[in-house]
Protein chains: 2
Amino acid sequence: MQDTKERIISLADQLIKTRGYNAFSYKDISDPLEIKNAAIHYHFPTKTDLGIAVVDIEVERFTTQTAKLAAQPEDKQLKFLFDTFNKKNKEGMVCLMGSLSPDYETFPTVLQEKVTSMSSAFLDWTAGCLERGREKGLFRFDGDAYDRALLVMSNLLASLLLSRVMGNKIFGRITNQLLKDLNAKK
Amino acid sequence: MQDTKERIISLADQLIKTRGYNAFSYKDISDPLEIKNAAIHYHFPTKTDLGIAVVDIEVERFTTQTAKLAAQPEDKQLKFLFDTFNKKNKEGMVCLMGSLSPDYETFPTVLQEKVTSMSSAFLDWTAGCLERGREKGLFRFDGDAYDRALLVMSNLLASLLLSRVMGNKIFGRITNQLLKDLNAKK
DNA sequence: TTGCTTACTTACTTACAAGTAAGTAATTTT
DNA sequence: AAAATTACTTACTTGTAAGTAAGTAAGCAA
């Protein structure tokens with residue numbers, strides 16, 4: 001029955017990405033899973049513990065997925081990142097960072113630190129990918145790779161947020177233009 | 001005593017931009033203003049009514065401010081937009097769009113519509129500014145002006161969110177690179 | 001000067017979020 | 001076979017969010 005725990009995390013993950021951390025309650029999880037709210041407290045004593053688990057799983061998933069792609073050319077690797085966001089957009093979700101960052105100040109320190117280190121992990125990977133890709137002539141951009149990674153991440157993150165408000169075609173318009181700008185050709 | 005109403009809106013605006021819509025309560029307003037929560041309900045029967053007022057004021061402020069700048073060259077106009085965001089960053093706030101969009105699905109339709117039309121107003125203005133600026137040779141960018149406005153808005157919005165999580169120097173790194181990219185020179 | 005409106009307060013209610021204490025059935029360990 | 005552990009449920013408690021009904025003091029209007 002260990003998969004109750006995984007189902008709780010998975011539903012919490014969904015709820016955060018669709019409605020936001022401060023807008024979901026244990027009832028939103030216990031009802032669909034047909035368990036009692038105390039069962040959630042058994043696995044995750046506090047909501048913060050659950051939030052931490054969601055962030056940890058997200059980072060793990062990102063780490064294993066990107067590790068699998070490490071041998072591929074950097075433009076393919078970056079495409080994986082865009083595809084991940086595109087999938088979220090189709091599902092009506094925003095990314096975990098986009099959902100958690102506005103609520104950051106309401107979090108206890110332990111959760112804030114998790115969010116910050118998740119953000120670092122994403123940015124470091126993206127910066128590395130862009131840097132190596134530029135060296136190989138796969139990308140063309142000015143300035144520091146880390147600064148460019150900040151721009152790319154912020155565009156991806158915000159494109160999901162704007163899509164939610166302005167309709168989901170917005171996502172493609174932003175990412176297409178973003179990819180064109182990075183493209184080495186011409 | 002009409003300014004109680006204005007103080008309520010102003011505090012709600014701050015609370016949304018620092019802690020998020022679903023994380024503040026009438027008590028967070030009534031305590032510092034030294035009034036009773038029922039006094040807020042007198043002016044704003046529901047929390048939705050208060051949210052709508054906050055959005056309306058934001059759009060009004062934007063409209064009057066940009067109208068004042070209409071005669072200036074477009075690069076100065078765009079600088080005003082960046083300065084506005086820079087000010088929020090210094091105050092530890094995110095923008096209203098960045099705060100409200102993740103919670104969008106938890107809003108009743110009337111508030112959703114307000115958020116969407118606020119977003120439209122910002123994007124339309126930015127697209128117009130970029131388009132005219134490009135024609136005059138003040139900006140240099142590829143593609144549709146509206147698509148470019150989407151990129152600029154998404155970078156500004158997300159730079160405040162990322163700054164919150166990664167430290168507020170992030171804002172300058174993103175916006176500097178963004179302005180360099182748009183700059184017509186070289 | 002009576003009545004109406006404005007801007008509140010007092011004192012509730014209802015609902016629900018978060019968490020806990022104690023118990024239990026099923027499995028695993030010793 | 002007894003003891004401990006796992007994965008829960010039952011049945012609470014505490015706190016707070018959102019909203020409301022009824023009252024009131026001050027100002028103005030006829």
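Computed from heavy atoms alone, side chains included, the values below leave out hydrogens, waters and symmetry copies. Owing to the predicted nature of the structure, the values given are computational and were not obtained by experimental measurement.
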Protein heavy-atom contacts under 4.0 Å, written 5' to 3' over nucleotides 11-20 of chain D as B (base), S (sugar-phosphate only) or - (none), form the string ------SSBB

Value in whole Å for how far the C1' atom of C/dC8 lies from CG of B/D3:
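Rounding to the nearest Å, CG of B/D3 and C1' of C/dC8 are 14 Å apart.
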
| query | When the distance from OH of A/Y42 to P of D/dT5 is rounded to whole Å, what number comes out? | reply |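 In whole Å, D/dT5 P lies 12 Å from A/Y42 OH.
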
request  = Compute the bend angle of the helix from C/dT1-D/dA30 to C/dT30-D/dA1 from the end axes (five pairs per end), rounded to 10°.
outcome  =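 Axis-to-axis angle, ends of the helix: 0°.
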
Tell me whether the guanidinium CZ or amine NZ of [X] lies under 6.0 angstrom from the six-membered ring centre of [Y] and within 45° of its axis.
X	Y	result
A/K47	A/F24	yes
B/K5	B/Y42	no
B/K68	B/F80	no

inquiry  = So that I know where these two stand, are A/F107 and A/Y21 an aromatic pair - ring centroids less than 6.0 Å apart?
reply    = yes

The side chain to side chain contact (heavy atoms under 4.5 Å, CB included) partner of A/I8 among A/D3, A/D13, A/I40 is A/I40

Inset, instruction - Applying salt bridge (charged side-chain N to carboxylate O under 4.0 Å, His left out), run through A/E105 and B/R19 and close with a yes or a no. - result: CA-CA 6 Å; A/E105 297 297 332; B/R19 310 181 56 79; over 6 Å; no

Is [X] near enough to [N] that one of its side-chain N or O atoms lies under 4.0 angstrom from OP1 or OP2?
X	N	value
A/H43	D/dT6	no
A/T4	D/dA7	no
B/K36	C/dT10	yes

Hey, could you give me the CG/CZ distance between A/L182 and A/F82, rounded to the nearest 0.5 Å?
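With rounding to 0.5 Å, CG (A/L182) is 6.5 Å from CZ (A/F82).
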
The side chain to side chain contact (heavy atoms under 4.5 Å, CB included) partners of A/T63 (sequence neighbours excluded) come to A/V59

